[in-house]
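In what follows, a single structure is set out as structure tokens and then discussed.
Below, all heavy atoms of this structure are taken into account, side chains as well, without hydrogens, waters or symmetry copies. Below, chain A is the first sequence line, B the second, and so on; all start at residue 1.
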Amino acid sequence: MELSKNYAPATTEDRWYAHWLDKRYFNSKPDGRPAFTVVIPPPNVTGVLHMGHTLNETVQDILVRKARMTGFNACWVPGSDHASIATEAKVVGMLREKGIDKNQLTRPEFMTYAYEWKEKYGNIIYDQIRKLGCSVDWDRVSFTMDAGYYDSVIRVFIDLYQKGLIYRGARMIHWDPQAKTALSDEEVEYRDENGKLTYVNYALVDGAGASLGRSITIATQRPETIMGDTAVCVNPNDPRYQDLRGAFAIVPLVNRRVPIIFDEYVDPAFGTGALKVTPAHDINDYNLGLKHGLPIIDTLNPDGTLSAAAEVFVGTDRFAARKAVVKALKEAGLVVKEEDHLTRLGYSQRTNAVVEPRISTQWFVRMKALAEPALKAVTEGFIHIHPGDKFMATYKYWLENVEDWCISRQLWWGQQIPAWYAPDGSFRVAATREEAYALFGEAGAAAASLGFTAAELRQDEDVLDTWFSSWLWPIEVFKGVTRPGNADIRYYYPTSVLVTGQDIIFFWVARMIMAGLYYFPDSLPMDQRIPFRDVYFTGMVRDNLGRKMSKSLGNSPDLLGLIEKYGADAVRFGIMIASPAGSDLLFDEAALEQGRNFNNKLWNALKLVKGWESRLAAGAGDASAAAGNAAAGQGHFAILWLENRLREARTTIDQLFAEFRLSEALKTLYSLIWDDFCSWYLEWVKPPFGESMDKAVYDHTVRFFEQLIHLLHPYMPFITEELYHLLAERADGDDLCVRQFAAVAAPDAAILAQGNLLKDAITTLRDARNKAQLKPKEPVKLFILPESPAAYRAIMAILSRQVNAESIDFTTEAISGSLTIVAGKDKYYIVTEKALDNGNQKEELLKELGYLKGFLESVNKKLSNERFVQNAKPEVVDLERRKKEDAESKIKAIEESLNA
RNA sequence: GGGUCGUUAGCUCAGUUGGUUAGAGUACUACCUUGACAUGGUAGGGGUCACCGGUUCGAAUCCUGUACGACCCA
């Protein structure tokens, strides 16, 4: 078969993915092997994969494929999240384009549109996951709004309610005026903004309403809320305001009389030291209001316009109202001054609208009781966080200071809260209308005497926060809630490792731990209740200038476009090669280019090896082959050496995997393949032009190549599978994807040292040739004056070919008229017919001599320091002594050759 | 304001419990179209390890502080 010049990923990737699916390699059923379970962090169902996802999915696929090849029953569950606010916003937008107003639709009509939308766009992410080569079990696709999943969310809600861990109440919450829904604390992002601090005069009156003839100046960032003021507060220790006890202020524009209250909450140094108190529109003011029994006047509508309670500018949007109020205040002569002020504004994570603090009746989860065991699971080491040093503290801090979780959202797309209201407003929580109706009866009265029918019950309009469904993900993807104790949940839970972005540590990671510990009873050991044993946090993917990737900057590359351009393997390589766990990744297409070049290198190595197939001849190569045969010696050492290099690298890579240092492991593999295999080994065994290839050497080479692509497969699954099948005919079912790793033997240090000697000799001699401007094709005679000739015997044949020496001989004295090279304790003499310029060479030797003398001096300094010799560990002192001897003999050798 | 982490070559990063005059990749320079690969080969240059002090025989590594940066929380 003719192999193309360069590797073409497009022609192989889809073919192999289809083959793996066909063989059902990614499908998992419980069996006798240990399970390796990963649940995908479900992406937003109507989204697309961005580079952050790409990194996450690649990391997961590497871990899962490695486990699959290491005797585990690997199970990676794919799925997606209904993402209530984001998806509902998209559906509403789509409807608006069609000229349909959501408010004109019934709930079931809207849900039909939403499900249609999901059917249409929900598969985009799955296509991308497939293209990336992810080995997920497609029989296990889960979606947080599937009928069964929906049911599990409702069950958990009811259960938590019955145990008193969910309650309904009026609290100050974050309100998104654009989505017109409540948000949890975690869904608000704060950004610093330049705002204005407006100083406004409030007239003062006494208890009887008589003017005091003066006013108090307050500073506010939100003048549009003054109509909701119900007090003015000053610090009780502020000397400026001591005479205002019992006095009142008049709120401008609405002329409401409000008390002056005293509270240490007020910072006398901020503004004028006087604070307007608006309990309906600020969390601190709300708390002050509670403490001082102030009335609450809500002057905003749900959509962010001023409400009737504001009395002025009713119906005006809050931002327009701010300007209007300031204008009106100025006209009334009440504005003292305005100054620039840096403030922090909260934005809705989903709609980017400025959130409003708002008092509202919502559903909450009591978090304290759930947080305690979740903290314990991590601090006591049942769950390991990687990298731990970075995220342990964050995790701990949040759990120790956790607030109750607002879980109701004023949306339709999501699980509708199973609370049923009677006409009088009282409610019962139950899965169905009938069950709820029955619960009303429990109070003692017969159904008929309740005074209303089941049909009159009204279900709560709100849905649950998306995270209230995704916190059950590791349990319910195995039907652990809806079919407790089933075979899957018993086999696959706890999952092995969770790979996710550090940005959702509170939204999701902490809550999954809470859910797992809550759901599985205390009677079970902790290590069976936790949702996962390891958490691997990936960093944020930024562009090569360090900026966040965003649509508006246009710096977020299209995944499918990248795969088309470089191939999925190259994309995976590029994103992994410089991806330290937990640190931000600066995405650069140059890394993908490196990945593509690596593909090409592998491809060409294959072409080289395949080219030998037709030139095979039995003969040397084996260890048993005739000792005098140069080719035999050559093949033998290269094979021996690479065998041991592979063992060494395997050990390193396994260690790195155990520590989740995947980027490091890939670097090790890259260098093993490119440098050790391609640059050294293949060159060493390559037969001279026109000569035949030794059969035994060839067979070893194919075996090494197999081992290398086997190790690389988790990172670059497509090209490795392709190469595996091109290297040799394979039986049906013999695919790299499922090939198992054999146990690794310990490397022979002596062989590795000999290999290093060989590589050093080649590099040194090539460098010398280069500097003497000897063309590679120009043959030379080489003489070696070695410390130990034995070390050279096995590598002589390789050495002579690699440095183009027509002869190599040992010598015991310097060769006159030669090019002298000092390498360690050994000396090389190059004899050539071409006239040599020794000036360069002398310069080199002098430079080397200078370095060694400096080095020796530093070693001597240490050794002559009595305290060093006394205090340092004996092996360290020994090492220094050896360095001293070594340097001295090298210096001697150089000096000799300089004097020669 | 509180907290966490970081600062090593132009760039992206390694550097294990302190112990060679600090290593990769990439970029750069020179030479090489050789018969797997120019998406390549052979070699080379490049760092006072952010800064000040301290501990130690010895500090990129440990400690105090400073500067800068990132993130989390208020």
Looking only at the side chain of A:Asn6 (C-beta and beyond, no hydrogens), which of the listed nucleotides B:G19, B:U42, B:U39 gets closest? B:U39

Give the nucleotide from the list B:G35, B:A36, B:A14 with an atom nearest to the side chain of A:Glu664. B:A14

Tell me what [X] touches on the nucleic acid: a base, only sugar-phosphate, or nothing, going by heavy atoms under 4.0 Å.
X	result
A:Ala590	nothing
A:Gln594	sugar-phosphate
A:Arg661	sugar-phosphate
A:Lys610	nothing
A:Lys667	sugar-phosphate

Indicate whether the side chain of A:Gln655 and that of A:Arg661 have a donor and an acceptor atom separated by less than 3.5 Å. no

Can A:Thr12 and A:Tyr7 be counted as having a side-chain donor-acceptor contact under 3.5 angstrom? yes

Under-4.0 Å side-chain N/O to phosphate OP1/OP2 contact, [X] with [N]:
X	N	answer
A:Lys873	B:G19	no
A:Arg542	B:C71	yes
A:Thr763	B:A43	yes
A:Tyr670	B:U26	yes
A:Arg615	B:G35	no
A:Trp674	B:G41	yes

Taking the [atom1] atom of each, how far is [N] from [M], in whole Å?
N	M	atom1	value
B:U4	B:G10	C1'	30 Å
B:A50	B:A9	P	8 Å
B:U17	B:C63	P	12 Å
B:G46	B:G65	P	37 Å
B:U66	B:A27	C1'	34 Å
B:G69	B:C32	C1'	44 Å
B:G15	B:G23	P	15 Å
B:C52	B:U16	P	23 Å

Describe, in one word, how the ring planes of A:Phe677 and A:Tyr681 are oriented to each other, choosing from parallel (under 30°), tilted (30 to 60°) and perpendicular (over 60°). parallel

Can you say whether the rings of A:Phe391 and A:Phe537 are parallel (under 30°), tilted (30 to 60°) or perpendicular (over 60°)? tilted

Could you check A:Met540 against A:Phe598 and say which one's nearest nucleotide on RNA chain B is further toward the 5' end? A:Phe598

State whether the distance check finds a donor on one side and an acceptor on the other, under 3.5 Å, for side chain [X] versus base [N].
X	N	result
A:Asp588	B:U12	no
A:Glu683	B:A36	yes
A:Lys601	B:C37	yes

Counting Watson-Crick and G-U wobble pairs only, both distances under 3.5 Å, name the nucleotide matched with [N], or none.
N	value
B:A43	B:U29
B:C71	B:G3
B:A24	B:U12
B:U61	none

Taking A:Arg703 first and then A:Glu706, would you say they form a salt bridge - that is, a charged N and a carboxylate O separated by under 4.0 Å? no

Could you give the [atom1]-to-[atom2] distance, from [X] to [N], as a whole number of Å?
X	N	atom1	atom2	answer
A:Gln655	B:G15	CD	P	13 Å
A:Leu586	B:C71	CG	P	12 Å
A:Leu727	B:A36	CG	C1'	13 Å
A:Asn597	B:G25	CG	P	14 Å
A:Leu608	B:G41	CG	C1'	14 Å
A:Arg596	B:A38	CZ	P	12 Å
A:Phe677	B:A36	CZ	P	14 Å
A:Lys759	B:A43	NZ	P	12 Å

For A:Trp680, does the six-membered ring have the charged nitrogen or CZ of A:Arg645 within the cation-pi criterion, i.e. under 6.0 angstrom from the centroid and within 45° of the normal? no

Return the set of residues passing side chain to side chain donor-acceptor pair (under 3.5 Å) with A:Asn287 (not counting sequence neighbours), or none when no residue passes. none

Flag, side chain of A:Thr58 to backbone of A:Thr54, donor-acceptor distance under 3.5 Å: yes

Greater than 12 external heavy atoms within 6.0 Å of A:Lys368's NZ: yes

A:Tyr566 and its side-chain hydrogen bond (donor to acceptor under 3.5 Å, both in side chains) partner, picked from A:Arg596, A:Glu589, A:Arg572: A:Glu589

So which protein nitrogen or oxygen atoms get under 3.5 Å of nucleotides 72-74 of chain B's nitrogens or oxygens?
unit_1: B:A74; atom_1: N6; unit_2: A:Arg344; atom_2: NE; d: 2.9
unit_1: B:A74; atom_1: N6; unit_2: A:Arg344; atom_2: NH1; d: 3.1

